[in-house]
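Just so you know, ligand 1 is whichever comes first in the structure, and atom 1 is the first atom listed for that ligand.
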Amino acid sequence: MSEKYHIVTYGCQMNVHESEKIAGILRRIGYEDTPKIEDADIIVFNTCCIRENAENHAFGNIGALKKLKKQKPNLIIAVGGCMTQEKGKTEILKKKFPFIDIMFGTLNLEELGDLIARKKAQKKKVIEIREKEGEIVEFTDAYRTSYPNAWVNIMYGCNNFCSYCIVPYVRGRERSRRPEHIVNEVKALVKEGYKEITLLGQNVNSYGSDGTTGTTFAQLLEEVASIEGDFRLRFMTSHPKDFNEDVVRVMEKHRKICRLVHLPVQSGSNAVLQAMNRRYTREKYLDEIKMLKTRLPEAEVTTDIIVGFPGETEEDYLQTEALVKEVDFASAFTFVYSKRQGTKAAEMENQIPEEIQKDRIMRLVELVNSLTRKKSETYVGKTVEILCEDYDGKKDLYLGRDEFGRMGYFKSDKNVIGQFVWLQITRANGISLFGELQQGEK
Ligand code: SAH
Ligand code: SF4
Ligand code: F3S
C-alpha cells in the first residue's frame with residue numbers, strides 16, 4: 001500500500017495553486033492523497049504570512065499535531081510557504097515545534113521531493129530555505145483538484161514594496177514565465193476540458209517588464225484569449241499604478257475574457273495611498289474605473305481594502321467609504337492593517353489603536369455587505385450564465401459562478417459540473433443567487 005499525503009493550505013490563490021504543485025511532487029514520488037489528516041504519512045503545511053492571523057492559524061494547526069506525531073513517529077511533518085521564507089521564522093518554528101521534520105521555502109518548492117528523500121535517510125530535520133530566487137522551474141505535473149477551474153502562474157514575486165506588505169520579502173523579485181510556456185499550458189488545460197483559466201501574478205500588469213520575455217501583459221492576454229475552445233479567462237491581480245487601456249482593448253475584442261477586474265484600491269485617501277507606497281492617487285484610480293466602464297459598460301470591479309493603516313485619520317477612512325460608494329464594487333475584501341516585521345509601515349509612528357481599527361472595519365464591512373446585497377437583488381428575474389463547479393450534497397444543489405464571480409445555486413437532474421448553464425434567478429440571499437436551470441442551447 002502506498003504512503004499517503006495530506007496538504008493544509010493557507011493564503012492566496014497563488015498558494016492554493018502551489019499546493020497543487022506540491023501534490024504533483026508528492027504523487028511523482030509515490031504518495032497518494034488522503035482527506036483524513038490522521039491517516040497521512042506526510043503532512044505538508046503550505047503557509048501564509050500576509051497578516052498576523054494567517055500565521056496564528058498555522059501555528060495553531062501545526063501545534064495540534066504534537067500528539068499525532070508521538071503516536072506515529074514515522075509521520076513526516078513538512079512546513080513550507082511564505083512563513084518559512086520570512087526572516088528568522090524557521091528558528092521560531094524550530095523552537096515552538098521541535099517535531100517538524102522538514103522546512104522548505106517558496107523559492108525552493110521544487111526541491112521538496114529531494115528533501116523528503118533526505119529526511120527518510122537521516123534522523124535529523126531537514127531545513128532548506130533558499131535566500132534568493134533562481135531560474136523559473138517549469139512544472140508540468142501540478143495535481144489539480146479544482147476542475148473545471150485552473151490557475152496558471154504567469155509570473156512570480158513582486159517588486160512593488162507597498163509599505164505594509166511582506167510579499168516582496170518572501171516571494172523574491174518579479175520573474176515572468178516565457179509566453180510560450182504559458183500558452184502551451186493553457187492549450188493543454190483547455191484540451192483536457194478545463195473551462196475557466198485564471199492567470200496569476202501579484203501584479204499582472206507588469207508582466208514582462210523585467211525585459212526577459214519581450215511581451216507585455218496585454219499581448220499575452222491576447223494570445224491566451226485567442227486559444228480556441230469553450231473557456232472563460234480571468235486574470236489577477238491588476239495593480240492600479242499599471243492597469244491600462246491596452247488591457248481593456250483586448251478584453252473588448254475577446255468575449256472569453258470575463259468582464260471583471262480585480263483592482264485593489266487599498267484606501268480612498270491620497271495621504272494613506274502615498275504612505276502605503278501604492279504610487280497612484282484616488283483620482284487616477286477613479287479615472288481607470290471610468291475608462292474601463294466607458295469601453296465596457298457591463299464591466300464590474302472587485303477590490304481589496306485595508307483599514308487602520310498607520311496615520312489613517314477618520315477623514316481618511318471616510319474617503320475610503322466615499323470611494324466604495326462611488327465605484328460600487330461587485331465585492332470587496334476588507335482587512336484590518338496587520339503589522340509585519342521588516343516592512344516600512346511597521347516602523348511608522350502613529351500606529352492605530354485596535355479599538356479604532358475594529359470600529360472602522362465593522363463600519364466598512366457593513367457598507368460593503370449592503371452594497372453587495374443590493375447588487376444581488378438586481379439579479380432577481382434575470383437569466384445568467386453559470387459555470388457549474390460543484391455539487392452540494394447536503395443542500396442537493398449544484399453551484400457555480402457567473403462571469404462576475406457571483407455564486408449561483410440550482411437543482412439539476414443530471415450532473416452538469418464543468419458545463420456552462422443558464423439560470424433564471426428567482427431569489428438572492430446575501431451574496432448567493434438561487435435559480436432555475438433553463439434548458440436548451442445557450
Ligand atoms: N498583489 C496584490 C495583493 C496581494 S496580498 C496587490 O497588490 O493588490 C492581498 C491583499 O492583502 C492586499 O491587496 C492587501 O489588501 C492585503 N494585505 C497585504 N498586506 C497586508 C497587511 N500587512 N495587513 C492587512 N492587509 C494586508
Ligand atoms: Fe504586496 Fe504591493 Fe506586491 Fe501586492 S503589489 S504583493 S500589495 S507589495
Ligand atoms: Fe499569498 Fe500569503 Fe504568500 S497571501 S503570496 S500566501 S504571504
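Taking distance alone, with nitrogen or oxygen atoms compared against 3.5 Å, Thr237 stays at or beyond that limit from ligand 1. Ligand 1 has no nitrogen or oxygen under 3.5 angstrom from a nitrogen or oxygen of Asn203.
In terms of protein heavy-atom proximity, atom 5 (S) of ligand 2 is closest to Asn160 ND2, 3.4 Å. In this structure, atom 7 (S) of ligand 2 lies nearest to the protein heavy atom Tyr164 OH, 3.4 Å. Looking only at protein heavy atoms, the nearest one to atom 3 (C) of ligand 1 is Gln202 OE1, 4.0 Å. Of the protein's non-hydrogen atoms, Ser338 N, 2.9 Å is the one closest to atom 23 (N) of ligand 1. Closest to atom 3 (Fe) of ligand 2 among all protein heavy atoms lies Cys158 SG, 2.3 Å. Among all protein heavy atoms, the one lying closest to atom 9 (C) of ligand 1 is Asp304 OD2, 3.7 Å. Scanning all protein heavy atoms for the shortest distance to atom 1 (Fe) of ligand 2 gives Cys165 SG, 2.3 Å. For atom 24 (C) of ligand 1, the closest non-hydrogen atom on the protein side is Val336 O, 3.3 Å. In terms of protein heavy-atom proximity, atom 19 (N) of ligand 1 is nearest to Tyr164 CD1, 3.3 Å.
Proximity of Arg278 to ligand 2 is established by a heavy-atom distance of less than 4.0 Å.
A salt bridge does not link Lys21 with Asp141: every distance from a Lys NZ or Arg NE/NH1/NH2 to an Asp or Glu carboxylate oxygen is 4.0 Å or more. Under 4.0 Å is where a charged nitrogen must lie from a carboxylate oxygen, and between Arg118 and Asp114 no such pair does.
A cation-pi arrangement is absent between Arg259 and Phe404, since the terminal nitrogen or guanidinium carbon is not both under 6.0 Å from the aromatic centre and inside a 45° cone about the axis. Cation-pi geometry between Lys96 and Phe59 is satisfied (NZ or CZ under 6.0 Å from the ring centre, within 45° of the ring normal).
Near atom 2 (Fe) of ligand 3, less than 2.8 Å away, sit the protein N, O or S atoms Cys48 SG.
Of the candidates His239, Arg51, Met14, the one placing a heavy atom closest to atom 16 (C) of ligand 1 is Arg51. The option from Arg278, Gln266, Arg340 that lies nearest to atom 7 (O) of ligand 1, judged by heavy atoms, is Arg278.
Listed by number with element, the atoms of ligand 2 under 4.0 angstrom from any heavy atom of His239 are 5 (S). Every atom of ligand 2 is numbered from 1 in the order shown, and the set under 4.0 Å from a heavy atom of Phe161 is 8 (S). Counting atoms of ligand 3 from 1 in the listed order, those under 4.0 Å from a heavy atom of Gln202 are 5 (S).
With a heavy-atom cut-off of 4.0 Å, Pro264 touches ligand 1 through its side chain alone. Neither the backbone nor the side chain of Pro264 comes within 4.0 Å of ligand 2, counting heavy atoms alone.
With ring centers used as reference points, Phe231 lies 6.0 Å or more from Tyr194.
The local environment of OH in Tyr391 is crowded, with over 12 non-hydrogen atoms from other residues, nucleotides or ligands closer than 6.0 Å.
Looking at Ser267 and Phe309, their side chains never come closer than 4.5 Å, going by heavy atoms from C-beta outward. Using a 4.5 Å cut-off on side-chain heavy atoms (C-beta onward), Lys89 and Met103 make no contact.
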